[in-house]
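Every number for a ligand or one of its atoms is a count from 1 in the order of the listing. Residue numbers run from 1 in the order of the sequence given.
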Amino acid sequence: MRRFDGYSVLITGAGRGIGEATALRLATEGARVLVTDLDGERAGQAAARIRESAPVRDSGGTAEALACDVADRTAVDAAVAHAVHRFGGLDVLVNSAHRCLPDPPRFETYRDEDWAGDLDVTLGGAFRCARAALPHLAAADGRGAIVSVGSVNGEQDFGNHAYSAAKAGLASLTRTLAGEAAARGVRVNLVAPGTVDTPNWADRPDSLKRAAAVYPLGRVGRPDDIAAAVAFLASSDAAWITGVTLPVDGGILTSNAALRDALRGGGPERFAFSR
Ligand SMILES: NC(=O)c1ccc[n+]([C@@H]2O[C@H](COP(=O)([O-])OP(=O)(O)OC[C@H]3O[C@@H](n4cnc5c(N)ncnc54)[C@H](O)[C@@H]3O)[C@@H](O)[C@H]2O)c1
């Protein structure tokens, strides 16, 4: 028996990166996954890769694709209805879509539309999807779960005001919705990744290399690291967990190496483990 046998799942922003890795992970464990993305062609290609992967073929899981812009209520409602129609219900919603300016401006030169755009996709998108999905998740006999993909940016300052505010808002929405949805048998949780090597960073490989050196566990994340945590929170293994933010971050939130080394009076290299 696989953890997601017979489950119906909808994932946003799943055409690549963490969303695709999560879709693959859940399908490998038996789920029927609706892979949605703003870019419908990208969603189609990801769903095909998932269907063709040997572990998914063995598991009985599957993937279908649909274009869906999470900023568009009509598209979101249609995507949820599509999953329910195709799979006979909805057990799990994973909110992975986001918008983030790659080069955020200096604070005083922010344009209103950039601020609003990041919030509307990253936080508003998760809100719209949860609103559409909730009645169906509540009808899922206690299996209903929402897992959103937040960020360490929602917890601490790593730059990028609008994206960080959106991710902090997502942590708050997770808590407030968890309280209300619990009475309907639906759990709501958040995974907060640190830096993860996805196509989002493809044009900035040096940033990833520099970031790896800062992470206590000595590397940046892989999409699978996040997919595994999302799968745990979506599954019955987490049946008594709701409203939490789970950092999956190589230890970055728990460690302040600069302060530790300053207090010790030595340079970072003096106490660092050699790798
Ligand atoms: N990669 C990282 O370093 C990192 C770190 C922390 C958190 N995250 C979070 O993980 C999630 C996935 O990140 P990723 O790096 O895999 O991203 P990515 O850029 O590789 O993929 C994001 C996908 O979302 C889609 N998308 C964009 N706007 C959309 C919209 N309006 N509606 C639907 N889909 C849309 C894109 O087409 C793309 O396929 C995001 O929520 C992101 O904030 C990523």
May I ask you to check if ligand 1 and [X] share an N or O to N or O distance below 3.5 Å?
{"X": "W201", "value": "yes"}
{"X": "V121", "value": "no"}
{"X": "D39", "value": "no"}
{"X": "G19", "value": "no"}
{"X": "R16", "value": "yes"}
{"X": "G17", "value": "no"}

Among protein heavy atoms, which sits nearest to [atom], and what does the distance come to when rounded to 0.1 Å?
{"atom": "atom 24 (O) of ligand 1", "value": "G13 CA, 3.4 Å"}
{"atom": "atom 29 (C) of ligand 1", "value": "L38 CB, 3.6 Å"}
{"atom": "atom 38 (C) of ligand 1", "value": "R42 NH1, 3.3 Å"}
{"atom": "atom 32 (N) of ligand 1", "value": "V70 N, 3.0 Å"}
{"atom": "atom 14 (P) of ligand 1", "value": "T198 OG1, 3.6 Å"}
{"atom": "atom 37 (O) of ligand 1", "value": "D37 OD1, 2.6 Å"}
{"atom": "atom 5 (C) of ligand 1", "value": "G194 O, 3.1 Å"}
{"atom": "atom 7 (C) of ligand 1", "value": "G150 O, 3.2 Å"}

With a 3.5 Å distance limit and no angle check, can you tell me whether [X] reaches the backbone of [Y] through a side-chain donor-acceptor pair?
{"X": "R86", "Y": "H82", "answer": "no"}
{"X": "K167", "Y": "V149", "answer": "yes"}
{"X": "R42", "Y": "T36", "answer": "no"}
{"X": "S148", "Y": "G150", "answer": "no"}

Residue pair [X] / [Y], side-chain heavy-atom distance below 4.5 Å:
{"X": "C68", "Y": "V76", "answer": "yes"}
{"X": "L177", "Y": "I146", "answer": "yes"}
{"X": "R25", "Y": "R3", "answer": "yes"}
{"X": "K209", "Y": "V220", "answer": "no"}

Looking at [X], which atoms of ligand 1 are within less than 4.0 Å of one of its heavy atoms?
{"X": "P199", "answer": "20 (O)"}
{"X": "A97", "answer": "33 (C), 34 (N), 35 (C)"}
{"X": "V149", "answer": "9 (C), 10 (O), 11 (C), 41 (O)"}
{"X": "D69", "answer": "30 (C), 31 (N), 32 (N)"}
{"X": "C68", "answer": "32 (N), 33 (C)"}
{"X": "Y163", "answer": "6 (C), 7 (C), 8 (N), 9 (C), 42 (C), 43 (O)"}
{"X": "S151", "answer": "6 (C), 7 (C)"}
{"X": "T195", "answer": "3 (O)"}

Notebook entry, point to check: Which is closest to atom 28 (N) of ligand 1 in terms of heavy atoms, H98, K167, R128, R99?
Noted result: H98

Check: Among S96, A46, A43, which one has a heavy atom closest to atom 11 (C) of ligand 1?
Finding: S96

Minimum heavy-atom separation for [X] and [Y], please, with both atom names.
{"X": "N200", "Y": "H98", "value": "ND2-NE2, 3.7 Å"}
{"X": "P104", "Y": "Y110", "value": "CB-OH, 3.9 Å"}
{"X": "D249", "Y": "V152", "value": "CB-CG1, 3.7 Å"}

Margin query: Measuring from atom CZ of F158 to atom CD of E155, what distance do you get when rounded to the nearest 0.5 angstrom?
Written below: 9.5 Å

Item checked: NZ or CZ of R99 within 45° of Y163 ring axis and under 6.0 Å -> no

Check: So which pairs with a foot in residues 220-250 pass ring-ring contact (aromatic ring centres under 6.0 Å, His included), sequence neighbours left out?
Finding: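 Checked against ring-ring contact (aromatic ring centres under 6.0 Å, His included) - neighbours excluded - no pair reaches residues 220-250.
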
